[in-house]
Amino acid sequence: VQLQASGGGLVQAGDSLRLSCAASGGTFSRYAVGWFRQASGKEREFVAAISFNSGSTYYADSVKGRFSISRDNAKNTVYLQMNSLKPEDTAVHYCAADGPLPYYSGSYYSTEEGKYEYWGQGTQVTVSS
């Protein structure tokens with residue numbers, strides 16, 4: 001499966017952005033998806049994840065209550081709604097997919113980047129103070 005992340009940009013603190021991760025070339029509805037980010041000079045870190053049936057989501061403590069992950073399997077797209085953005089959210093944001101998963105793993109997700117086989121190219125989010 002190929003992933004294309006989009007929706008990044010330059011915004012002010014307190015603004016919102018919605019990132020999209022569009023998939024092609026596979027049965028996306030059987031993939032768990034995660035968002036990760038990497039700030040300049042820092043290691044890549046987990047942001048949020050969603051299971052393929054949307055029944056399970058998980059967030060890093062740093063974004064909990066501000067970010068929301070969702071998916072539309074009919075459109076082969078996962079979204080990351082980012083509200084109340086802070087300067088520390090500035091990073092390249094990547095989406096990643098793990099699968100295809102068996103039908104009984106509908107609630108599975110991972111926070112570990114090593115579990116994700118497929119990665120998008122990243123989209124830059126810059127939040128000014």
Side-chain angles (χ1 to χ4, degrees):
V1 66
Q2 293 80 46
L3 304 177
Q4 179 78 32
S6 63
L10 171 63
V11 297
Q12 294 187 331
D15 286 350
S16 298
L17 278 175
R18 188 176 78 159
L19 304 185
S20 297
C21 177
S24 61
T27 309
F28 191 58
S29 58
R30 284 289 181 87
Y31 288 75
V33 175
W35 283 96
F36 294 79
R37 66 187 182 186
Q38 186 168 22
S40 180
K42 296 187 177 181
E43 293 187 353
R44 190 156 55 187
E45 64 176 4
F46 169 78
V47 176
I50 188 166
S51 61
F52 74 65
N53 68 1
S54 299
S56 298
T57 58
Y58 191 80
Y59 300 91
D61 287 344
S62 58
V63 306
K64 201 171 294 182
R66 298 188 298 122
F67 290 13
S68 178
I69 188 170
S70 62
R71 67 191 297 162
D72 184 341
N73 285 339
K75 295 183 178 179
N76 287 342
T77 303
V78 169
Y79 304 99
L80 185 68
Q81 179 66 43
M82 306 186 297
N83 298 329
S84 302
L85 283 161
K86 303 176 180 180
E88 50 264 44
D89 295 318
T90 295
V92 178
H93 285 65
Y94 299 89
C95 61
D98 176 12
L101 299 167
Y103 72 93
Y104 49 81
S105 296
S107 297
Y108 165 85
Y109 64 84
S110 178
T111 63
E112 301 175 28
E113 62 176 273
K115 297 290 188 181
Y116 291 90
E117 301 98 325
Y118 306 97
W119 290 80
Q121 85 290 359
T123 184
Q124 176 71 46
V125 172
T126 303
V127 185
S128 63
S129 57

Flag the pair [X] / [Y] as yes when at least one side-chain heavy-atom distance between them is below 4.5 Å, and no otherwise.
X: Phe28; Y: Val33; answer: yes
X: Lys86; Y: Arg66; answer: yes
X: Tyr109; Y: Thr57; answer: no
X: Thr90; Y: Gln124; answer: yes
X: Ser107; Y: Asn53; answer: yes
X: Met82; Y: Val125; answer: yes
X: Leu10; Y: Val127; answer: no

Quick one: is the NZ or CZ of Arg44 closer than 6.0 Å to the six-membered ring centre of Tyr94, and within 45° of its axis? yes
Within 45° cone of Tyr108 ring axis and under 6.0 Å: Lys115 NZ or CZ: no
Roughly how far, to the nearest 0.5 Å, is [atom2] of [Y] from [atom1] of [X]?
X: Ser51; Y: Leu101; atom1: OG; atom2: CG; answer: 9.5 Å
X: Arg37; Y: Lys42; atom1: CZ; atom2: NZ; answer: 9.0 Å
X: Leu80; Y: Tyr59; atom1: CG; atom2: OH; answer: 7.5 Å
X: Asp89; Y: Asp15; atom1: CG; atom2: CG; answer: 11.5 Å
X: Ser20; Y: Gln81; atom1: OG; atom2: CD; answer: 9.5 Å
X: His93; Y: Cys95; atom1: NE2; atom2: SG; answer: 11.5 Å

Could you tell me whether Asp61 and Lys64 make a salt bridge, using a distance below 4.0 angstrom between a side-chain N and a carboxylate O? yes
Whether the Thr77 and Asp72 side chains hold a donor-acceptor pair (N or O, under 3.5 Å, no angle test) is what I'd like checked. no
Phe52 and Tyr31: aromatic ring centres closer than 6.0 Å? no
Could you check, using the six-membered ring where one of them is a Trp, whether Trp119 and Phe36 have ring centers closer than 6.0 angstrom? yes
Is it true that [X] and [Y] fall in one hydrophobic cluster, defined by side-chain heavy atoms closer than 4.5 Å?
X: Trp35; Y: Leu17; value: yes
X: Tyr116; Y: Ile69; value: no
X: Val92; Y: Val11; value: no
X: Val78; Y: Val1; value: yes
X: Phe67; Y: Tyr79; value: no

Can you list the residues that meet the side chain to side chain donor-acceptor pair (under 3.5 Å) rule with Arg18, with sequence neighbours excluded? none
Nearest heavy-atom pair of [X] and [Y]: which atoms, and what distance?
X: Ala13; Y: Ser129; result: CB-CA, 4.4 Å
X: Glu112; Y: Ser110; result: N-OG, 3.0 Å
X: Leu3; Y: Gln121; result: O-OE1, 3.9 Å

